[in-house]
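Here's the structure we're looking at; comments come further down.
Order of appearance sets the numbers: ligands from 1, and atoms from 1 within every ligand.
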Amino acid sequence: MFPTPIGLYLGLFLATTNVFGTQVTDVQGPAFKSSLVGQTIHNLTGIVTAKGPNGFWISGAPVADPRVSNGLSIFTQDASVIAQVAIGDMVSLSGRVAEFRSNNSPDDLTITEIDNPTEIEVASQNNAVVPVIIGKDRSPPTQQLSALDTGSDGFLAVPNNSSRIDITDATLQPDKFGMDFWESLEGQLVTIPKPVALDFPNSFGEIWVRGDWAVTGLNSRGGLTITLGPDGRPDANPEAVIVGRPLDGTRNPKAFLGVGLSDITGVVAFQFGFFYVLPLSAPSIISTPTADVPVTTILSSDTDECTLTVGDYNVDNMTPRSPTHVNGVAKHIATFLRNPDIVFLQEIQDNTGSTDDGIVVGNLTLSALTTAIASISGVRYDFIEIAPINNEDGGEPGGNIRQAYIFKPEKLQLVSGSPAGGSLDSTAVVSDVSDGLTFSFNPGRVDPTNPAWIDSRKPLAAAWQTTSGHRFFTVNLHLTSKSGSASTQGDARPPVNLGVNQRTSQIERVSAFVRTILAEDTNANIVVAGDFNEYVQTRSAFTSLQDILFEADEIAGVDPVERYTFLFDQNSEQLDHIFVSNAIKGRGVDVEHIHVNNWANATTVTARPSDHDPSIAEIHLC
Ligand SMILES: *[C@@H]1O[C@H](CO)[C@@H](O)[C@H](O)[C@H]1NC(C)=O
Ligand SMILES: *[C@@H]1O[C@H](CO)[C@@H](O)[C@H](O)[C@H]1NC(C)=O
Ligand SMILES: *[C@@H]1O[C@H](CO)[C@@H](O)[C@H](O)[C@H]1NC(C)=O
Ligand SMILES: *[C@@H]1O[C@H](CO)[C@@H](O)[C@H](O)[C@H]1NC(C)=O
Ligand SMILES: *[C@@H]1O[C@H](CO)[C@@H](O)[C@H](O)[C@H]1NC(C)=O
């Protein structure tokens, strides 16, 4: 028995279970979640727009309100039910409204759907199926993801997870917020014209893309860089969308940064932490960027006594047991960075790599690297490291990753007279016999027993003197990782940026150390560089460094969109930074990020020795 008109009225407002005469747009409504959850809808009509292994999608009559989607997922895993409909069929069906979470992860948003449809009737066939053309019919906002990302650092603000979309369930603002925009198309068939890949595919073959619509943060390779937007808040690149596994079982091509794809038509869904377009069929590659990565224009400065070239490279768990890996890194340093005077390295593993055997010294790893560089370029580097305590510094178990320096001994040397520090020795600034500044342990670790460094790499500090007698100080960092963070489009707002509290404390420890040098000499030459595992747009983490050190990119005036060393999900982003003291800033700095790894293509990606790009800076000590 269907309800009478009075029953319908009660059905809507008193949540009895049977509703009749409802449209798809009534089910979707203007908010994240449906107000009709739990109700059984009868005679819901729409045109079938797509079919997949978990049901099909229909498109109902649209309404003018851009917040309200007229697409809907009809969930069933019964192949015989799916077989009853074809794309283009006008159908009528009944079923219960549900909000479904894709992988049962509490950080995922839900999809509005009709579960296990019954009473499916096909009224007519071969109706026109018209996708929404993104960039023409509707365009995504380009700055913010969610109204709940309050705070001046937007999606990177702390505290994180201070509110949740699932609970707030605000009505959508699709013109302002990217998550609201994609939600307003949930279940709808859309076309992405002229897609361009923003990253390598993930392990499921899914590809982040932008389409033929206005974007911000566009870099010269075609990616979208995390920058500060015109509103002064971090730009989260909400105009990007991930393309999932094709519904017809075909496979997405092996794209890479900057690849152009054929137009993609598919349905908008939320799964695995993100808004997706699930394509009807796989796109094909129609254009690829050039395979060439330019070598640096910054020349090694062997004969110039004031100038120093400084490399910085996270070499991704480098072990002497992989000559291919070592040779790949050596080639990058020798050929693409043109042998800088000193290179800050991160993720040097011990002599037995990830074998968890108590060995911590990494001199075979480093000598393998310097030998490989010498065999390519004839340039001979020395190296220094401080081995960590076994398995106390995080990273791959047994690998004991640490920072190290390689340097040209004919250009610079450690200031002599201080012992090398052990893993627990805290170095401090002191005056030496010639009344010059040096470190009590050289090299030495910065405050290594401070809780900020628990289960993380301790900074490696060193005091140097060039052959011409100029001193400078370095701190080589590798801050605690972001791994385990929430997805940028998850339920928790702002997203959980794992380890940000610890990274903030770690930067504070380093800032305190740098202040002790500056307290002795405001004109000290100081370089702090490495893998910070954080973007400078997370300004709260970098506050303590402000005013005492300056980022090379900023001094050099590098276009903000070209400041990236890493690709993750939809973003080109900078995790690796070179900061210098005021004295160095005053003499001008040049810096380049050499995209030897992130400009890899489908063939070369498997051979890249690291997922970070190296950087190189030219600084002047006098
Ligand atoms: C509703 O759907 C049922 C089952 O398909 C059908 O018998 C009935 O006529 C429909 N009612 C209306 C008003 O369309
Ligand atoms: C981030 O969220 C996690 C989990 O909700 C919480 O434990 C942590 O304290 C938060 N950290 C920051 C910096 O907001
Ligand atoms: C956010 O906080 C809620 C409740 O405090 C918690 O259940 C959820 O797991 C948190 N989300 C993340 C991503 O940590
Ligand atoms: C990838 O780069 C290599 C080396 O530069 C080149 O030989 C190859 O043709 C490129 N492949 C693709 C798919 O672009
Ligand atoms: C590595 O260090 C050990 C002592 O810890 C030393 O015996 C060995 O000669 C060193 N090897 C190289 C290649 O530096």
Expected list for residues 393-401: side-chain donor-acceptor pairs under 3.5 angstrom, two or more places apart:
from, atom 1, to, atom 2, distance (Å)
D393, OD1, K458, NZ, 2.7
D393, OD2, R445, NH2, 2.7
E396, OE1, Q349, NE2, 2.7
N400, OD1, N391, N, 2.7
N400, ND2, D350, OD2, 3.0
N400, ND2, I359, O, 3.3
N400, ND2, N390, OD1, 2.9

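Protein neighbours of ligand 2 below 4.0 Å, counting non-hydrogen atoms: V158, P159, N160, N161, V496, V500, N501.
At least one donor-acceptor pair closer than 3.5 Å links the side chain of R101 to the backbone N or O of D108.
Take F155 and apply the ring pair (Phe, Tyr, Trp, His ring centres under 6.0 Å) test, not counting sequence neighbours, and it matches no residue. Residues satisfying the salt bridge (charged side-chain N to carboxylate O under 4.0 Å, His left out) test with K331, not counting sequence neighbours, are none.
Cation-pi geometry between K176 and F181 is not satisfied (NZ or CZ under 6.0 Å from the ring centre, within 45° of the ring normal).
Counting only N and O atoms by type, the side chains of D447 and S426 include no donor and acceptor under 3.5 Å apart.
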